[in-house]
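Working notes, structure below.
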Amino acid sequence: MTDFPQNLDHTFTAPIGVDVKGEIWSCVEMPGSAGFFGTRKSVRVDATVDEIPMPDVGLMVTGRGGHMLSLSAAMRKRLGKSLGDDVVVHLLRRLR
């Protein structure tokens, strides 16, 4: 079993918008996340999105074996981004 917290330094760029059962959710999907984290269960991380801190945030499972980070309306406004816009996500630390 891995001890947490665990430092990370992983960056990816992805569009806002994940298809979940026919609905587009305001989330960002992490490519290759199940292999990266070694689990298909949700994980908690410290991250930044376009350099804006998002401490202790959950990466939810997509239902297709991956993980996604939800971006609230307030966060999208702060980012100045909408569905379909790309964001840069930097994972700093896995908390559990």
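Keep in mind it's a predicted model, so treat the numbers as computed, not measured.
Residues Ser70 and Cys27 share a closest heavy-atom pair of CA-SG, 3.6 Å. Pairing each heavy atom of Pro15 with each of Gly84, the nearest pair is CB-O, 4.0 Å. The minimum heavy-atom distance between Thr39 and Lys41, with the atom names listed, is OG1-N, 3.0 Å. Between Gln6 and Asp3, the closest heavy-atom pair is CB-O, 4.1 Å. In this structure, Gly65 and Ala34 approach most closely via the heavy-atom pair O-CB, 3.0 Å.
With sequence neighbours excluded, no residue forms a salt bridge (charged side-chain N to carboxylate O under 4.0 Å, His left out) with Arg40. Partners of Arg96 by salt bridge (charged side-chain N to carboxylate O under 4.0 Å, His left out), not counting sequence neighbours: none found. With sequence neighbours left out, Arg44 forms a salt bridge (charged side-chain N to carboxylate O under 4.0 Å, His left out) with Asp56. Take Asp86 and apply the salt bridge (charged side-chain N to carboxylate O under 4.0 Å, His left out) test, not counting sequence neighbours, and it matches no residue. Applying the side chain to side chain donor-acceptor pair (under 3.5 Å) rule to Arg76 yields the partners Ser26; only residues at least two apart in sequence or on another chain are considered.
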TODO: Give the C-alpha distance, both sets of side-chain angles, the deciding distance and a yes or no for side chain to side chain contact (heavy atoms under 4.5 Å, CB included) between Val20 and Trp25.
DONE: CA-CA 7 Å; Val20 179; Trp25 289 15; 3.6 Å; yes

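Within the hydrophobic cluster formed by Ile, Leu, Val, Met, Phe, Trp and Tyr side chains joined at under 4.5 Å, directly or through other members, Val89 is accompanied by Leu8, Phe12, Ile16, Ile24, Val28, Met30, Phe36, Phe37, Val43, Val45, Val49, Ile52, Met54, Val57, Leu59, Leu69, Leu71, Met75, Leu79, Leu83, Val87, Leu91.
Of the possible polar contacts, none joining the Thr48 side chain to the Pro53 backbone as a donor-acceptor pair under 3.5 Å is found.
Put simply, the side chain of Asp9 does not reach to within 4.5 Å of the side chain of Leu92, judged on heavy atoms.
The NE2 atom of His90 sits 10.0 Å away from atom CD of Glu51, with the distance rounded to the nearest 0.5 Å.
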